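Below is one structure, written out as structure tokens; comments come after it.
Everything numeric in this text was worked out from a predicted model, so none of it was measured.
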Amino acid sequence: MDSWFTVEKIDCNTFAISEYKHWEETHSYLLCGEKMAVLIDTGLGISNIRKIVDTLTQLPIMVITTHIHWDHIGGHKYFKFIAVHEAEREWLSAKFPIPLQVVKHSLMCKPCNFPLDFNIDQYQIFQGVPQMLLHDGDSIDLGKRKLIVIHTPGHSPGHCCFYEADRKYLYSGDLIYRGCLDAFYPSTNPQEFWKSVRKIQSLEIRRILPGHHHLSIPVTIIDEIETAFHNLSNEGKLKQGHGIFSYEGFQIHI
């Protein structure tokens with residue numbers, strides 16, 4: 001087993017594949033149905049996530065993407081069938097908005113015990129043509145298991161959450177997690193981010209499965225983040241810019 005990844009069993013057919021050794025602590029999720037499996041995001045691309053997936057299932061794999069940022073598409077190169085939201089089709093295929101030098105700096109900006117075969121000089125941002133485009137409300141049938149696509153722009157134009165009604169799981173990507181929620185950069189839209197948080201408040205959610213950091217977070221964090229956005233809006237601070245929106249416990253930092 002590749003020691004870069006940590007595999008945690010959510011239930012008998014759902015696995016979190018995490019990169020806790022890196023400061024971003026990314027999570028990808030493998031969902032197994034009866035006819036196929038879905039992998040939500042593929043992490044940083046520092047090590048080969050496909051080798052881990054192949055130890056967990058022999059089903060055909062569809063990769064679905066919460067959004068086209070390097071820390072969520074790094075392992076896309078190991079898979080043949082990739083789906084992204086239509087708003088970020090060009091980000092994947094031709095026009096990734098962040099320079100490679102910036103991405104490399106982010107990967108290396110904090111000490112990390114990288115795998116011996118990882119070479120930052122050879123690191124590339126994945127580019128490719130998606131095999132399927134996602135739209136708000138789409139249903140993905142895995143065989144006696146279904147996911148609903150929820151378009152939740154703000155962190156990026158095509159950001160999606162995925163909702164599993166039967167289990168009441170929300171795979172929240174970078175919309176909801178405990179840590180720094182990036183909503184104030186040029187490629188983000190804080191007003192849309194707030195609107196997307198309000199959108200998922202209508203769902204019946206038993207468990208949130210986030211894109212980063214703590215794997216176990218309370219569902220009440222959604223309401224707390226929405227309240228934070230509301231307060232920022234009242235203060236006239238919910239504007240596009242170059243800072244960060246940080247949710248850390250009960251404190252909001254700009």
Side-chain angles (χ1 to χ4, degrees), residues 1-84 91-93 96 100 103-104 106-108 110-132 134 140 142-143 145 147 160 162 164 169 171-174 177 209-216:
M1 180 71 74
D2 189 326
S3 63
W4 177 256
F5 297 100
T6 300
V7 177
E8 296 170 82
K9 193 172 184 178
I10 306 301
D11 60 41
C12 61
N13 294 309
T14 310
F15 304 88
I17 304 173
S18 307
E19 297 175 271
Y20 288 119
K21 292 185 177 181
H22 193 267
W23 69 267
E24 290 200 62
E25 297 180 323
T26 59
H27 302 298
S28 303
Y29 296 96
L30 179 66
L31 288 59
C32 300
E34 288 200 347
K35 67 178 184 180
M36 60 177 279
V38 156
L39 181 63
I40 300 176
D41 292 342
T42 59
L44 292 157
I46 288 172
S47 194
N48 188 343
I49 193 172
R50 182 60 189 256
K51 292 181 179 179
I52 301 302
V53 170
D54 286 347
T55 67
L56 298 171
T57 184
Q58 298 302 310
L59 290 165
I61 306 293
M62 174 194 289
V63 170
I64 60 176
T65 316
T66 59
H67 61 298
I68 306 302
H69 282 168
W70 71 91
D71 50 333
H72 297 265
I73 64 169
H76 277 33
K77 60 187 176 183
Y78 300 114
F79 299 91
K80 294 181 178 180
F81 195 100
I82 297 166
V84 306
W91 280 22
L92 186 73
S93 61
F96 188 77
L100 177 59
V103 172
K104 287 183 177 181
S106 179
L107 283 171
M108 304 294 290
K110 297 181 182 180
C112 178
N113 184 20
F114 289 105
L116 293 176
D117 60 353
F118 176 69
N119 185 342
I120 190 61
D121 294 331
Q122 297 177 358
Y123 187 87
Q124 296 291 326
I125 301 168
F126 175 81
Q127 287 191 319
V129 177
Q131 284 65 53
M132 187 171 84
L134 303 174
I140 300 172
L142 288 68
R145 187 172 190 181
L147 282 175
C160 291
F162 302 103
E164 193 168 7
Y169 290 172
Y171 303 89
S172 62
D174 281 9
Y177 59 82
L209 295 157
H212 295 276
H213 306 310
H214 300 279
L215 198 57
S216 297

Do you know which two heavy atoms are closest between [X] and [Y], and how far apart they sit?
X: Ala37; Y: Thr57; answer: CB-CG2, 4.3 Å
X: Ser47; Y: Trp4; answer: CB-CD1, 3.8 Å
X: Asp11; Y: Tyr169; answer: OD2-OH, 2.8 Å
X: Pro210; Y: Leu215; answer: CD-O, 3.9 Å
X: Tyr171; Y: Leu147; answer: CE1-CD2, 3.9 Å

- Query: Given Thr65 and Thr42, is the side-chain contact (heavy atoms from CB on, under 4.5 Å) satisfied, shown in steps?
  - Reply: CA-CA 8 Å; Thr65 316; Thr42 59; over 6 Å; no
How long is the straight-line distance from [atom2] of [Y] back to [atom1] of [X], given to the nearest 0.5 Å?
X: Thr55; Y: Ile17; atom1: OG1; atom2: CD1; value: 7.5 Å
X: Lys77; Y: Ile49; atom1: NZ; atom2: CD1; value: 12.0 Å
X: His213; Y: Ser18; atom1: NE2; atom2: OG; value: 12.0 Å
X: Cys160; Y: Ile64; atom1: SG; atom2: CD1; value: 8.5 Å
X: Met36; Y: Leu142; atom1: CE; atom2: CG; value: 5.0 Å
X: Glu8; Y: His27; atom1: CD; atom2: NE2; value: 7.0 Å

Are the side chain of [X] and the backbone of [Y] linked by a donor-acceptor contact shorter than 3.5 Å?
X: Arg50; Y: Phe79; value: no
X: Trp23; Y: Ser106; value: yes
X: Asp41; Y: Gly43; value: no
X: Glu25; Y: Lys21; value: no

Is any side-chain heavy atom of [Y] closer than 4.5 Å to one of [X]?
X: Phe162; Y: Leu31; result: no
X: Trp91; Y: His67; result: no
X: Leu107; Y: Ile46; result: yes
X: Tyr177; Y: His214; result: no
X: Glu164; Y: Leu209; result: no

- Scan for side chain to side chain donor-acceptor pair (under 3.5 Å) pairs involving residues 28-39, sequence neighbours excluded, and state none if there are none. none
- Message: Applying side-chain contact (heavy atoms from CB on, under 4.5 Å) to Ile73 and Ile82, what does each step give before you reach the verdict?
- Response: CA-CA 10 Å; Ile73 64 169; Ile82 297 166; over 6 Å; no
If you look only at distance, which donor and acceptor atoms sit under 3.5 Å apart when one is on a side chain in residues 115-124 and the other is two or more places apart or in another chain?
| residue | atom | partner | partner atom | Å |
| --- | --- | --- | --- | --- |
| Asn119 | OD1 | Asp121 | N | 2.9 |
| Tyr123 | OH | Leu44 | O | 2.6 |

- Check against side-chain contact (heavy atoms from CB on, under 4.5 Å), Phe15 and Ile52: CA-CA 11 Å; Phe15 304 88; Ile52 301 302; over 6 Å; no
- Before giving the answer on ring-ring contact (aromatic ring centres under 6.0 Å, His included), spell out for His22 and His212 the whole-Å C-alpha distance, their side-chain angles and the decisive distance to 0.1 Å. CA-CA 11 Å; His22 193 267; His212 295 276; 9.6 Å; no
- For His69 and Asp174, test the side chains for any donor-to-acceptor distance below 3.5 angstrom and give the result as yes or no. no
- Task: Using the side-chain contact (heavy atoms from CB on, under 4.5 Å) rule, take Trp70 and Phe126 through it: C-alpha gap first, then chi angles, then the decisive distance, then the call.
- Result: CA-CA 8 Å; Trp70 71 91; Phe126 175 81; over 6 Å; no
